Amino acid sequence: MTPRSCPCGLPEPYQDCCGRCHRGDAAAPTAEALMRSRYSAFVRQDAEYLRRTWHPRTRPARLDLDPRMRWTGLEILDATGGSAFHTTGTVTFRASYRGGVLHERSRFERVDGAWVYVDGDFLPE
């Protein structure tokens, strides 16, 4: 039996892909990798990881995830900056869920060497 691919859309099994970040065994090396790991955290209802990877300046005091929400796919449309050579980056994506699509351009920054989510702009479909 072959393990299922990661919810982020990459072919590796979850435990070898985003699971490494969620467990704290690895840090996302790029803004896009952080975006993918955060999407997987939404799929898996991992509010702790989402808060941990949110910029301290914009992090909500609490995060209540809807257990009925069913995320069904992630499509990365564009990424600028966000590599090992940058301090900021953006990732534009479409995240599908049962009943709709979230289209966003997210902003990321490095804080103490680690990529964190700052905020995002919702885009029209």
Side-chain angles (χ1 to χ4, degrees):
M1 182 170 163
T2 307
R4 287 184 24 195
S5 60
C6 190
C8 79
L10 295 178
E12 292 86 11
Y14 165 77
Q15 66 269 16
D16 298 332
C17 192
C18 293
R20 297 177 64 234
C21 295
H22 295 174
R23 290 188 309 270
D25 296 344
T30 64
E32 180 180 331
L34 182 64
M35 172 63 237
R36 288 180 178 280
S37 71
R38 286 177 56 83
Y39 171 81
S40 291
F42 275 104
V43 170
R44 298 180 65 92
Q45 299 279 305
D46 189 344
E48 180 183 323
Y49 179 77
L50 292 166
R51 289 196 75 252
R52 191 168 71 237
T53 58
W54 214 306
H55 196 292
R57 167 176 91 237
T58 57
R59 180 186 306 137
R62 56 182 285 169
L63 185 60
D64 297 318
L65 300 176
D66 183 349
R68 296 167 299 175
M69 184 67 138
R70 295 292 177 254
W71 295 98
T72 58
L74 176 65
E75 179 184 8
I76 302 295
L77 303 172
D78 188 42
T80 58
S83 78
F85 304 105
H86 299 102
T87 56
T88 64
T90 63
V91 179
T92 304
F93 67 93
R94 276 193 196 100
S96 302
Y97 57 90
R98 195 175 303 148
V101 173
L102 171 69
H103 188 188
E104 182 178 311
R105 181 177 303 111
S106 295
R107 283 180 282 283
F108 299 87
E109 290 180 12
R110 280 191 191 268
V111 172
D112 297 327
W115 285 107
V116 292
Y117 170 78
V118 177
D119 60 17
D121 296 320
F122 295 115
L123 303 172
E125 262 312 292

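Because the structure is a prediction, the values reported are computed rather than measured.
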Check your understanding: Between E109 and T87, is any pair of side-chain heavy atoms under 4.5 Å apart?
Key -> no
**Study point:** Flag side-chain contact, heavy atom, 4.5 Å: E12 against R20
**Key:** no
**Study point:** Validation row: P7, C18 side chains within 4.5 angstrom (heavy atoms)
**Key:** no
Point to revise | CH2 on W115 to OG on S83, rounded to 0.5 Å | key: 7.0 Å
Exercise for review: Measure the CZ-SG distance between R36 and C17 for me, rounded to the nearest 0.5 Å.
Suggested key: 8.0 Å
Check your understanding: Would you find a donor on one side and an acceptor on the other, under 3.5 Å apart, between the side chain of H103 and the backbone of R94?
Key -> no
Exercise for review: State whether the number of non-hydrogen atoms from other residues, nucleotides or ligands found under 6.0 Å of R105 atom CZ is greater than 12.
Suggested key: no
Review point. Do Q45 side-chain atoms and D66 backbone N/O form a donor-acceptor pair below 3.5 Å?
Key: yes
Exercise for review: Mind jotting down which residue pairs meet the salt bridge (charged side-chain N to carboxylate O under 4.0 Å, His left out) criterion with at least one end in residues 40-49? Sequence neighbours excluded, please.
Suggested key: E48-R52
Check your understanding: Linking I/L/V/M/F/W/Y whenever any side-chain heavy atoms sit under 4.5 Å apart, do L10 and M35 land together?
Key -> no
**Study point:** Gap separating the OG1 atom of T58 from the OH atom of Y117, nearest 0.5 angstrom
**Key:** 7.5 Å
Exercise for review: Using the rule that two of Ile, Leu, Val, Met, Phe, Trp, Tyr join whenever any of their side-chain heavy atoms come within less than 4.5 Å, decide whether L63 and V43 are in one cluster.
Suggested key: yes
Review point. With H22, which residues qualify under ring-ring contact (aromatic ring centres under 6.0 Å, His included), at least two apart?
Key: Y14, Y49
Practice item. Determine, step by step, whether F93 and E32 satisfy the side chain to side chain contact (heavy atoms under 4.5 Å, CB included) criterion, reporting the C-alpha distance in whole Å, the side-chain angles of both residues, the deciding distance to 0.1 Å, and the verdict. Key: CA-CA 10 Å; F93 67 93; E32 180 180 331; over 6 Å; no
Point to revise | Main-chain N/O of H86 paired with R110 side-chain donor or acceptor, under 3.5 Å | key: yes
Study note, to complete from the structure: Scanning both residues in full, the closest heavy-atom pair of A28 with C21 reads N-SG, 3.8 Å
Exercise for review: Applying salt bridge (charged side-chain N to carboxylate O under 4.0 Å, His left out), name anything that partners D16, two or more places apart in sequence or on another chain.
Suggested key: none
Revision key, fill the gap. D25 meets the salt bridge (charged side-chain N to carboxylate O under 4.0 Å, His left out) criterion, sequence neighbours left out, with R23
Check your understanding: What residues form a salt bridge (charged side-chain N to carboxylate O under 4.0 Å, His left out) with E104, not counting sequence neighbours?
Key -> none
**Study point:** Check: T88 and R107 side chains under 4.5 Å, non-hydrogen atoms
**Key:** no
**Study point:** For R51 against A61, the heavy-atom pair lying closest together
**Key:** NH2-O, 3.4 Å
Check your understanding: Are L102 and Y39 close enough that some pair of their side-chain heavy atoms sits under 4.5 Å apart?
Key -> no
Review point. Are L34 and L65 co-members of a hydrophobic cluster defined by side-chain heavy atoms under 4.5 Å apart?
Key: yes
Please list every donor-acceptor pair under 3.5 Å in which a side-chain atom of residues 72-82 meets a protein atom from a residue at least two apart or in another chain.
| residue | atom | partner | partner atom | Å |
| --- | --- | --- | --- | --- |
| T72 | OG1 | S96 | O | 3.3 |
| T80 | OG1 | T90 | OG1 | 2.4 |

Review point. Can you hop from L50 to Y97 via hydrophobic side chains spaced under 4.5 Å?
Key: yes
